[in-house]
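Each remark here refers to the structure printed beneath this line.
FYI, side chains are in, hydrogens and waters are out, and symmetry mates aren't considered; it's all heavy atoms of this structure. For this chain, numbers begin at 1 and follow the sequence in order.
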Amino acid sequence: MSEVIFTTQNDVLLARTSGDINLMLKVANVKASPIDRHFLLQNIVKIAYKLRKDQKYRDICIEYAEKHLQEFPSIAKDLKWKIGYGTLPRVSTFQHYATLLTENKEYEKAIAICEKAIKYGLEDGTKAGYEGRIARIKKAMEK
């Protein structure tokens with residue numbers, strides 16, 4: 001049986017909503033709308049983050065978080081106006097990546113990710129926000 005090749009925007013939409021990280025990874029290089037691209041990358045990061053005790057998924061989480069954040073400036077405008085009605089919705093990649101970096105004791109990089117989220121005006125779903133997250137990272141640095 002031959003392997004199925006994914007090449008269309010519809011393939012990206014189906015993969016990103018499937019919950020199947022392997023399917024999502026197969027379409028990760030397919031050209032997609034900024035919104036579909038955002039949710040695809042965010043979902044890959046979210047699933048890999050949950051499986052991060054396995055080094056394979058930890059590496060995938062890092063790779064796709066970096067890719068997502070690198071592409072985020074070109075995604076943010078569409079995300080803000082087509083999904084967030086003028087404000088950016090919560091983008092979990094920032095918090096997952098900052099947490100993973102903190103676990104790796106890459107504190108300065110984790111703080112930089114939080115600061116980038118603050119510049120975008122993002123919230124992390126906690127009462128203290130990214131400012132509180134930075135304070136916790138700095139406390140962890142001191143140990």
Pairs flagged by salt bridge (Lys or Arg N to Asp or Glu O under 4.0 Å) wherever residues 134-143 is involved - sequence neighbours left out: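 Salt bridge (Lys or Arg N to Asp or Glu O under 4.0 Å) check on residues 134-143 returns no pairs.
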Please list all pairs meeting salt bridge (Lys or Arg N to Asp or Glu O under 4.0 Å) that have one or both residues in residues 96-105, counting only residues at least two apart or in different chains.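 Of all non-adjacent pairs touching residues 96-105, those that pass salt bridge (Lys or Arg N to Asp or Glu O under 4.0 Å) are Arg52-Glu103, Arg58-Glu103.
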Residue pair Asp11, Val30: steps toward the side chain to side chain contact (heavy atoms under 4.5 Å, CB included) verdict: CA-CA 8 Å; Asp11 292 332; Val30 174; 5.6 Å; no
Give a yes or no on whether Gln70 atom CD has more than 12 heavy-atom contacts from other residues, nucleotides or ligands under 6.0 Å away.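 12 or below, so no.
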Give a yes or no on this: more than 12 heavy atoms of other residues, nucleotides or ligands lie within 6.0 Å of atom CD of Glu123.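 Open.
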Which pairs count as ring pair (Phe, Tyr, Trp, His ring centres under 6.0 Å) when at least one residue sits in residues 30-53, sequence neighbours excluded?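 Found His38-His68, Tyr49-His96.
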Tell me, which pairs form a ring pair (Phe, Tyr, Trp, His ring centres under 6.0 Å) where one or both residues lie in residues 114-139, sequence neighbours left out?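 Qualifying pairs, neighbours excluded: Phe72-Tyr120.
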So, do Pro34 and Leu79 sit near enough that their side-chain heavy atoms are less than 4.5 Å apart?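 They are not in contact (no side-chain heavy atoms under 4.5 Å apart), so the answer is no.
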Side-chain contact, heavy-atom cut-off 4.5 Å: Thr93 with Leu69?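 SC-SC contact between Thr93 and Leu69 confirmed.
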With a cut-off of 3.5 Å and sequence neighbours excluded, list every side-chain donor-acceptor pair involving residues 15-23.
| residue | atom | partner | partner atom | Å |
| --- | --- | --- | --- | --- |
| Arg16 | NE | Asp36 | OD1 | 2.9 |
| Arg16 | NH2 | Asp36 | OD1 | 3.1 |
| Thr17 | OG1 | Leu13 | O | 2.9 |
| Thr17 | OG1 | Leu14 | O | 3.2 |
| Ser18 | OG | Ala15 | O | 2.7 |
| Ser18 | OG | Asp20 | N | 3.0 |
| Asp20 | OD1 | Asn22 | N | 2.9 |
| Asp20 | OD1 | Leu23 | N | 3.2 |

Atom pair CD1 (Ile35) and CH2 (Trp81), whose distance is rounded to the nearest 0.5 Å: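 The CD1 atom of Ile35 sits 13.0 Å away from the CH2 atom of Trp81.
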Calculate, to the nearest 0.5 Å, the distance between atoms CD1 and CD1 belonging to Ile44 and Ile47 respectively.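 Those atoms lie 8.0 Å apart.
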Listed by chain and number, what are the ring-ring contact (aromatic ring centres under 6.0 Å, His included) partners of Tyr57, not counting sequence neighbours?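 Tyr57 satisfies ring-ring contact (aromatic ring centres under 6.0 Å, His included) with no residue once adjacent residues are dropped.
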I'd like to check the side-chain contact (heavy atoms from CB on, under 4.5 Å) partners of Lys56; sequence neighbours left out, ordered by chain and number.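 With neighbours one apart ignored, the set is Asp54, Ile60.
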Which residues pass the side-chain hydrogen bond (donor to acceptor under 3.5 Å, both in side chains) test with [X], sequence neighbours left out?
X      : answer
Asp124 : Thr126, Arg133
Asn10  : none
Thr102 : none

Could you list the donor-acceptor pairs under 3.5 angstrom formed between side-chain atoms of residues 107-119 and any protein atom two or more places apart in sequence or on another chain?
| residue | atom | partner | partner atom | Å |
| --- | --- | --- | --- | --- |
| Lys109 | NZ | Glu66 | OE2 | 3.1 |
| Lys109 | NZ | Tyr97 | OH | 3.4 |

Whether Gln42 side chain and Ser92 backbone form a donor-acceptor pair below 3.5 Å: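 Yes; at least one donor-acceptor contact below 3.5 Å.
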Identify, with sequence neighbours excluded, every residue that meets salt bridge (charged side-chain N to carboxylate O under 4.0 Å, His left out) alongside Glu63.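 Counting only residues at least two positions away or on another chain, Glu63 forms no salt bridge (charged side-chain N to carboxylate O under 4.0 Å, His left out).
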Looking at every non-hydrogen atom in both residues, tell me the closest pair between Val12 and Ala32 and how far apart they are.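 Shortest heavy-atom separation between Val12 and Ala32 comes out as CG1-CB, 3.8 Å.
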